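Encoded as structure tokens, the structure appears first; notes follow it.
Worth knowing before you read on, the calculation uses all heavy atoms, side chains too, and leaves out hydrogens, waters and symmetry mates. Remember, it's a predicted structure, so these values are computed and weren't measured experimentally.
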Amino acid sequence: MTLANGVFAVILAGALAVFARQAQRLVRWLKLAKPEDRTDHPDIRTKNFLLIGLAQSKILREPLGGMMHALVFWGFCVLGLGTVEIMIQGLYTPFTWDVILPRLLYVPYVFSQEIFAVFVLLPVGYLLYRRLVIKPRRFTVDAVHSGEAVLILSVIATLMVTLLLVFVGDAKQPGADMGGRVITSMLLPLFGGMSAETAHTMARVSWWIHALGILWFLNHLPKSKHLHVLSSLINVWFSNTSGPGRVGAMRPMDLEAEDAEQFGASDIEHLTWKNLLDGYSCTECGRCTASCPANLTGKLLSPRMIVVKTRARLTEKASVLDAVAESGGTATEEQQAVLDKKLLDGWISEEELWACTSCRACVQECPVSIDHLDIINELRRDLVLMESRFPEEIQPALTSLERNGSPWAFSAADREKWTEGLNIRTMAEMAAEGEKPDILFWVGCAGSFDDRAKKITVAFARILQAANVKFAILGQEETCHGDPARRMGNEYLYQMLAKGVIETLDGYQVRTVVTFCPHCFHQMGKEFPDLGGHYEVIHHTEYIERLLSEGRVPLDTEHGQRLKVAYHDSCYLGRYNEIYDAPRNTLRKALPVVELVEPARTKSRGLCCGAGGGRMWMEETVGKRVNVERTEELLATGADQIAVACPFCMTMITDGVTGAGKDVPVLDIAEVVAGQLKAEVTA
């Protein structure tokens, strides 16, 4: 061992020891949060790991920037083997993988190191240019670590340049092995006048800069936003945002647990370790905030900052706890003040939380599968259940839910008024006649009471009758299932209502439910199972598409007017349940000459109408109204009609069109189909 090897051994041992201590501290901090089992369905988790983690499928949703970042990631994976070689060379200079690998593998290995050094260097150059010159909105909208990002990109560029210089310096030595050194061969002419001795010195200096740079990088990661380099793949494997489980379903809550003292979360110890791991994994890329309808329209909410602030609060509190423990267990007055702070109010405000429409765009866009919405939901639960703090305007909706079984103050006796003259039977009437329907038509509160939505209800009922579907409604026995209360943080009211609905459905032995409200569809299909309600729940767009495919709906498609139609994706139908094609296919089948046009933001990137997450019952006083922003996008398509598949979207988009002074009709998919029924059917 040479002196240089000895010096490097000391540096390497010190660097690894410091890194191990930092890693151990980060793992220990995760234990401050609640435990949670995330080891189920290893097959699905491994699939997510491969697709989202290694194949970078979510990163690549942004074509150019995503590809650049993916190349850096893949480059680091390939160059990792070369890094091991460099570390061993530090301890024993003559070492190369050539002494272990057969020639057939060693030459491709050398080629991979050279080509991926370039594949990393070029994207890093572009990423630096984008961050310093182009400056997309998502890089500047929050006060995040832009300077640190530039530093890290510069370090990575330095690592790649020094690596290439090592290759060149070694290649200029007498008898150098050039097998696989394609890039080096291309660079050698640039160093044509350099002597072998000078080249050797250049290679050694570059080697030390490269090796020390890697060790600095390793120890910088745990205390920087680039911790995601170490944690994001782990985070993807443990995440549920793309399955396993019911995607988009809120976290179950046991309200009857005897030892329960806290409902929801006000600080980090009330969240789970996965919420905190999300904080470690945040790349601060801003894709979540760039897609957030609240942030886009000028509200305070930034999903990125929800995660960043959670990580900052963890660092703040855990650091003080460590200091207190090291000093004997007694906190100073200043330390106690930090411990007494909370994530809620101390870091995240009510205004941020109530601006959320629960559209799930942030979760959809996150390249490392962070669940921002889970944190927001838990903080809302604490506000409502523990502190009774919520916007005044939602109080009437909560009161009506409790008293009337509907967020609107209508009498339950009015629920089935829309059926007058339609000859529609209730479940009770069918049961009394000894019959069972094929499906239960779940009308929902909007479909029962809202005058505009009642037209959708009638339209869908007419389609069912035209197709000779044996169906029934619950009528006055139907109540709200509590989804609005749950999204507004009132889990107690939600469970009370949901359990009542489940009891009613089970009483009639209901198995198949069809509804035109995506919120009812998601709640009853995805979240009822946690309370024991297991049903096949179908959205009416899928059900109508099925009926049309079976030829059961008699349509007059020969006299259709050529229309340009823009379809607006509902968040709870699309991003929550990945139903994008059924509404579009239904439109095409009902209107064979239709020209479907897509707004700039569509399908999984569609913009929320602004009514989800309880926002339907809240005033929107800050910034531009979300429904106005969305309606402008839809009108910009030049569509003759706008189609929707959700009563909430119907209200918001109709208001937007009216506000814009346009007369473009807004129709539900069911209304479009019902409008094409043959005359003898509608007579």
Side-chain angles (χ1 to χ4, degrees), residues 291-299 301 354-361 391 393-394 396-397 407-408 444-457 483-484 487-488 515-522 539-541 565-576 579 583 598-603 605-637 639 641-672:
S291 63
C292 173
N295 189 275
L296 282 169
T297 53
K299 280 72 172 177
L301 174 63
W354 292 116
C356 178
T357 65
S358 74
C359 70
R360 211 170 171 270
E393 61 260 42
I394 69 171
W408 293 287
C445 297
S448 299
F449 299 119
D450 180 79
D451 287 340
R452 178 65 187 87
K454 280 193 284 188
K455 295 179 181 177
I456 306 171
T457 311
D483 174 76
R487 261 61 198 181
M488 289 190 282
T515 180
F516 68 81
C517 177
H519 299 265
C520 302
F521 167 68
H522 176 77
H539 189 255
H540 79 320
T541 54
V565 178
Y567 171 68
H568 162 73
D569 289 283
S570 154
C571 302
Y572 277 72
L573 195 60
R575 274 191 291 269
Y576 274 77
I579 297 177
E598 301 288 348
R601 282 180 274 220
T602 187
K603 297 188 175 178
R605 287 199 166 100
L607 188 67
C608 178
C609 72
R615 293 294 318 175
M616 184 78 174
W617 293 274
M618 298 182 215
E619 295 297 328
E620 193 172 341
T621 57
V622 177
K624 186 179 183 180
R625 293 180 66 86
V626 175
N627 67 319
V628 172
E629 174 78 9
R630 181 53 171 168
T631 304
E632 288 176 353
E633 290 184 349
L634 293 164
L635 292 174
T637 63
Q641 286 186 1
I642 297 172
V644 299
C646 169
F648 287 13
C649 297
M650 171 64 76
T651 298
M652 304 303 281
I653 302 302
T654 301
D655 287 351
V657 171
T658 303
K662 304 291 184 181
D663 58 357
V664 176
V666 183
L667 299 174
D668 186 88
I669 298 291
E671 294 178 299
V672 174

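- Remark: side-chain polar atoms of E620 are paired, donor with acceptor, to backbone N or O of V626 under 3.5 angstrom.
- Distance check: T541 OG1 to I579 CD1 gives 5.5 Å after rounding to the nearest 0.5 Å.
- Atoms NZ and CD, from K624 and E629 in turn, are 4.0 Å apart once rounded to the nearest 0.5 Å.
- Without hydrogens or angle criteria, R615 side chain to W354 main chain gives a donor-acceptor distance under 3.5 Å.
- For C359, the side chain to side chain contact (heavy atoms under 4.5 Å, CB included) partners at least two apart in sequence or on another chain are P293, T357, A361, C571, R575, C608.
- Scanning both residues, A660 and L635, for their nearest heavy atoms gives CB-CD1, 3.9 Å.
- Note: H540 NE2 to T515 OG1 = 8.5 Å, rounded to the nearest 0.5 Å.
- Across every non-hydrogen atom of G613 and M488, the tightest pair is O-CG, 4.3 Å.
- Annotation for G612 and H519: closest pair CA-CE1, 4.3 Å, computed over non-hydrogen atoms.
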Could you pull out every donor-acceptor pair under 3.5 Å between side chains of residues 641-657 and any protein atom, sequence neighbours left out?
{"from": "T651", "atom 1": "OG1", "to": "P647", "atom 2": "O", "distance (Å)": "3.2"}
{"from": "T654", "atom 1": "OG1", "to": "M650", "atom 2": "O", "distance (Å)": "2.6"}

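- Without hydrogens or angle criteria, K603 side chain to G574 main chain gives no donor-acceptor distance under 3.5 Å.
- Considering every non-hydrogen atom in both W617 and I394, the closest pair reads O-CG2, 3.9 Å.
- Atoms OG1 and OH, from T637 and Y567 in turn, are 14.5 Å apart once rounded to the nearest 0.5 Å.
- Here the OG atom belonging to S570 is positioned 11.0 Å from the CD1 atom belonging to I669, to the nearest 0.5 angstrom.
- In the displayed structure, K662 atom NZ is contacted under 6.0 Å by at most 12 heavy atoms of other residues, nucleotides or ligands.
- Between T297 and R625, the closest side-chain pair of non-hydrogen atoms is not below 4.5 Å.
- Salt bridge E598/R605: absent, no basic N to carboxylate O contact under 4.0 Å.
- A heavy-atom distance below 4.5 Å is not found between the side chains of P484 and M616.
- The minimum heavy-atom distance linking R452 with V666 is given by the pair NH2-O, 3.0 Å.
- The two residues L301 and A355 come nearest to each other via the heavy atoms CB-CB, 3.9 Å.
- At most 12 non-hydrogen atoms from other residues, nucleotides or ligands lie less than 6.0 angstrom from NZ of K455.
- For R601 (side chain) and L607 (main-chain N/O), no donor-acceptor pair under 3.5 Å exists by modelled atom type.
- Side chains of N627 and R630 form no contact here, defined as non-hydrogen atoms less than 4.5 Å apart.
- A search for ring pair (Phe, Tyr, Trp, His ring centres under 6.0 Å) contacts involving Y576 returns H522, Y572, not counting sequence neighbours.
- Summarising the geometry, atom SG belonging to C445 is positioned 11.0 Å from atom CG belonging to D450; distances are rounded to the nearest 0.5 Å.
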